[in-house]
Participant: 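Structure below; questions to follow.
FYI, side chains are in, hydrogens and waters are out, and symmetry mates aren't considered; it's all heavy atoms of this structure. Just so it is clear, the structure is predicted and the values come from calculations on it, not from any experiment.
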Amino acid sequence: MNGNDAIYPMATEGNNFNEGLTKRELIAAMAMQGLLSDPQESGVYATVADVAVEYADALIERLSADPKEGVNR
């Protein structure tokens with residue numbers, strides 16, 4: 001799995017495609033949404049964004065691994 005693959009490619013006029021969000025961008029946005037859903041969150045937004053991207057990268061790496069390897073905890 002490549003995190004830079006488009007998640008929702010859309011056809012546009014002619015044979016052109018709008019790539020839309022990448023898998024990495026979508027997962028990071030979802031992680032950031034969860035992180036910011038805490039009303040007590042007082043973190044710096046840039047830090048929250050960095051953490052969201054780290055979560056996205058970790059998920060993509062795990063999903064790219066051989067399923068026979070199991071989960072490393």
Side-chain angles (χ1 to χ4, degrees):
M1 171 184 284
N2 182 342
N4 293 317
D5 290 341
I7 189 72
Y8 299 118
M10 298 172 17
T12 59
E13 293 182 30
N15 292 328
N16 299 322
F17 281 89
N18 177 348
E19 295 295 323
L21 293 175
T22 65
K23 293 175 184 178
R24 184 175 190 235
E25 291 168 336
L26 179 63
I27 295 167
M30 294 169 72
M32 190 172 201
Q33 180 179 6
L35 291 166
L36 294 175
S37 68
D38 180 0
Q40 301 300 316
E41 176 59 48
S42 61
V44 176
Y45 294 127
T47 301
V48 173
D50 290 340
V51 171
V53 170
E54 288 176 23
Y55 278 123
D57 290 343
L59 179 59
I60 290 167
E61 181 180 342
R62 176 62 189 105
L63 293 173
S64 298
D66 184 352
K68 295 179 184 176
E69 290 179 13
V71 177
N72 293 331
R73 294 180 191 220

Participant: What heavy-atom pair brings Ala28 and Ala56 nearest, and what distance separates the two atoms?
Facilitator: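 That closest heavy-atom pairing would be N-CB, 3.6 Å.
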Participant: Is it possible for you to say whether Tyr55 and Val48 belong to one hydrophobic cluster, with membership spreading through side-chain heavy-atom contacts below 4.5 Å?
Facilitator: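 They do share one cluster, since a chain of ILVMFWY contacts under 4.5 Å joins Tyr55 to Val48.
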Participant: Using the rule that two of Ile, Leu, Val, Met, Phe, Trp, Tyr join whenever any of their side-chain heavy atoms come within less than 4.5 Å, decide whether Met30 and Leu21 are in one cluster.
Facilitator: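 Yes, it is one cluster - the side chains of Met30 and Leu21 are joined through contacts under 4.5 Å.
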Participant: Please report the shortest heavy-atom distance between Lys23 and Ile60, naming the atom on each side.
Facilitator: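 In this case the closest contact between Lys23 and Ile60 is C-CD1, 4.5 Å.
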Participant: Output the distance between atom CG (Asp50) and atom CE (Met32), rounded to the nearest 0.5 Å.
Facilitator: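 Rounded to the nearest 0.5 Å, the CG-CE separation comes to 9.0 Å.
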